[in-house]
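Accompanying notes for the structure given below.
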Amino acid sequence: MIDQALRALSTDDPSTLAEAIITLGESGDPKAVAPLVRSLLRFESDVELKSLVCDSLGELGDLRSTQALLSQLRDPNEEVRESAFTALLSIGERRANAMPDASSWTQGFADPNEALTQIAWQTDLEAVQLLLRALEEDEREVKIGALYTLGQLGFVGALSQVSKELYNPIDEISAAAAFALGELARLGSKETVNTVCHTLHHAWSNAALGQETQIQVLRAAAECQPQEEQVKHHLAHLFVSALEHPEHVFRQLAVIGLGRLGDPRAATVLSLRLQDPEVGVRRNAAYAIGALNARESSELLVHYAIDQSSEVRVAIIKSLQRA
């Protein structure tokens with residue numbers, strides 16, 4: 001089937017071409033990557049086909065197409081840029097859990113499957129280097145795509161470069177950097193988590209962050225699970241400062257973050273959010289209080305259970321069962 005689709009890729013009939021591109025994307029065959037990448041030049045003036053090729057490359061999930069997709073982030077057409085951007089995210093997400101643990105290389109490989117993963121690493125490293133170089137580009141979309149993909153890959157070696165972009169004056173770029181930091185913390189070691197926490201807290205406290213970046217900083221901080229008490233204290237300060245924000249998404253992320261930190265001392269502060277005007281904040285506050293295992297959790301949940309919506313009452317009941 002793939003050979004037939006590859007032959008069809010050289011035709012001029014739009015419907016035949018579209019069908020061939022879709023088939024190649026669904027094939028999962030690495031032989032389809034190079035022909036699809038080459039076809040991007042051929043379809044330079046055809047927005048629909050270029051977007052379709054980007055979609056198929058994303059579906060194939062092969063890092064060899066990263067450079068070509070990054071170049072499409074400069075395309076003048078928004079549809080093509082969006083398709084390339086989505087494809088990069090798909091590739092990053094697919095590869096995130098396939099990255100080998102470098103700490104295991106020094107002792108060799110007892111398992112042949114680990115050796116195969118080690119061989120695959122070189123291809124990944126080449127793509128990562130392309131992404132790191134893309135961070136030096138001036139084009140906004142290129143930087144954003146590279147940051148999101150580096151985060152999805154969980155490549156800790158990019159931590160310093162990604163951290164620098166957190167202070168980028170363009171909100172969309174700094175937001176992408178915050179997102180990537182959260183992914184690096186989620187997929188990284190304890191040391192990575194601590195470094196990310198310090199970086200997020202410093203930016204929150206000292207930089208003039210845009211609203212989208214602030215949201216992503218809160219989301220990234222909630223992904224962190226630090227072990228050190230001082231680091232936990234810094235994150236708690238970050239979350240508490242967001243509890244009074246006029247935008248409910250800030251308050252919701254803040255209560256989720258405090259719940260994940262697991263400090264019983266946050267119970268009283270979180271109970272005040274059970275009176276929040278936004279139902280989503282109240283619901284998440286109830287779950288967060290239940291996660292703390294504080295002595296006063298049951299009393300606080302019962303006290304604020306009156307006149308709550310059904311979904312908040314459900315959250316309170318589940319939390320009381322845990323408390």
Side-chain angles (χ1 to χ4, degrees), residues 63 66-67 69-71 73-74 81 84-103 121 123-226 231 234-235 238 253 257:
L63 277 166
T66 300
Q67 186 175 27
L69 289 168
L70 282 170
S71 69
L73 294 177
R74 301 188 184 94
R81 295 197 303 271
F85 190 84
T86 303
L88 284 168
L89 291 184
S90 297
I91 292 170
E93 187 171 6
R94 181 173 296 192
R95 295 296 296 172
N97 295 323
M99 298 289 276
D101 181 1
S103 64
W121 165 250
T123 303
D124 292 348
L125 184 58
E126 291 174 8
V128 166
Q129 292 300 324
L130 288 172
L131 292 168
L132 291 177
R133 287 199 292 273
L135 292 183
E136 301 172 3
E137 297 281 348
D138 293 330
E139 282 86 353
R140 181 180 61 180
E141 295 297 334
V142 172
K143 281 197 173 204
I144 292 172
L147 286 165
Y148 273 109
T149 308
L150 285 166
Q152 293 281 8
L153 286 171
F155 186 72
V156 178
L159 185 56
S160 61
Q161 292 95 321
V162 172
S163 297
K164 290 177 184 176
E165 296 300 332
L166 187 57
Y167 298 90
N168 194 295
I170 299 175
D171 193 25
E172 293 93 332
I173 294 176
S174 54
F179 172 88
L181 288 171
E183 293 299 289
L184 294 179
R186 184 173 64 85
L187 299 167
S189 64
K190 292 180 181 179
E191 291 75 14
T192 300
V193 170
N194 288 337
T195 300
V196 169
C197 289
H198 284 301
T199 301
L200 295 172
H201 178 260
H202 183 272
W204 181 272
S205 304
N206 298 284
L209 304 178
Q211 181 165 302
E212 183 58 33
T213 301
Q214 288 180 309
I215 291 172
Q216 291 298 337
V217 165
L218 285 169
R219 189 207 63 82
E223 292 285 1
C224 296
Q225 297 291 304
V231 180
H234 284 160
L235 286 192
L238 189 160
L253 287 168

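Not measured: the values here are computed from a predicted model.
- A176 and Y148 get closest at one heavy-atom pair: CB-CE1, 3.6 Å.
- Between E223 and V196 the shortest side-chain heavy-atom distance does not fall below 4.5 Å.
- Taken from NE2 in H202 to SG in C197, the straight-line distance is 14.5 Å, to the nearest 0.5 Å.
- Within the 3.5 Å criterion, the main-chain N or O of D171 finds a donor-acceptor partner in the side chain of S174.
- Using a distance-only test at 3.5 Å, with no hydrogens or angles considered, a donor-acceptor pair links the side chain of R219 to the main chain of F179.
- If you take CG on L69 and OG1 on T86, they are separated by 10.5 Å, rounding to the nearest 0.5 Å.
- Annotation for N168 and I170: closest pair OD1-N, 2.9 Å, computed over non-hydrogen atoms.
- Minimum interatomic distance between A134 and A146 (heavy atoms only, all atoms of both residues): CB-CB, 3.9 Å.
- Note that CD of E191 is 8.0 Å distant from OG1 of T195, once rounded to the nearest 0.5 Å.
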- Applying side chain to side chain contact (heavy atoms under 4.5 Å, CB included), run through L135 and K164 and close with a yes or a no. CA-CA 10 Å; L135 292 183; K164 290 177 184 176; over 6 Å; no
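- From Q214, atom CD reaches atom CD of E212 across 10.0 Å, with rounding to the nearest 0.5 Å.
- Using modelled atom types and a 3.5 Å distance limit, the side chains of S189 and T192 yield a donor-acceptor pair.
- L73 is not listed as a side-chain neighbour of I144, based on a closest heavy-atom distance of 4.5 Å or more.
- In summary, E139 and R74 engage in a salt bridge, as defined by a charged side-chain N under 4.0 Å from a carboxylate O.
- For E137, the CD atom is densely surrounded, since the number of other residues' heavy atoms within 6.0 Å is greater than 12.
- To the nearest 0.5 Å, the span separating CG on L147 from CD on E172 amounts to 12.5 Å.
- Closest approach of L238 and W204 over heavy atoms only: CG-CG, 3.7 Å.
- A 4.5 Å side-chain heavy-atom check between I173 and T213 finds every atom pair outside the cut-off.
- Pairing each heavy atom of A178 with each of A220, the nearest pair is O-CB, 3.3 Å.
- Taking the six-membered ring where the residue is Trp, H234 and H201 present parallel rings, their angle staying beneath 30° rather than reaching 60°.
- At a threshold of 4.5 Å between non-hydrogen side-chain atoms, the residues L132 and L150 count as touching.
- The side-chain heavy atoms of V193 and V231, taken from C-beta on, include no pair separated by under 4.5 Å.
- The CG atom of L218 sits 9.5 Å away from atom CG of L200, with the distance rounded to the nearest 0.5 Å.
- Residues V156 and L187 are not in side-chain contact: their nearest non-hydrogen atoms beyond the backbone lie 4.5 Å or more apart.
- Remark: R133 does not engage E136 in a salt bridge, criterion side-chain N to carboxylate O under 4.0 Å.
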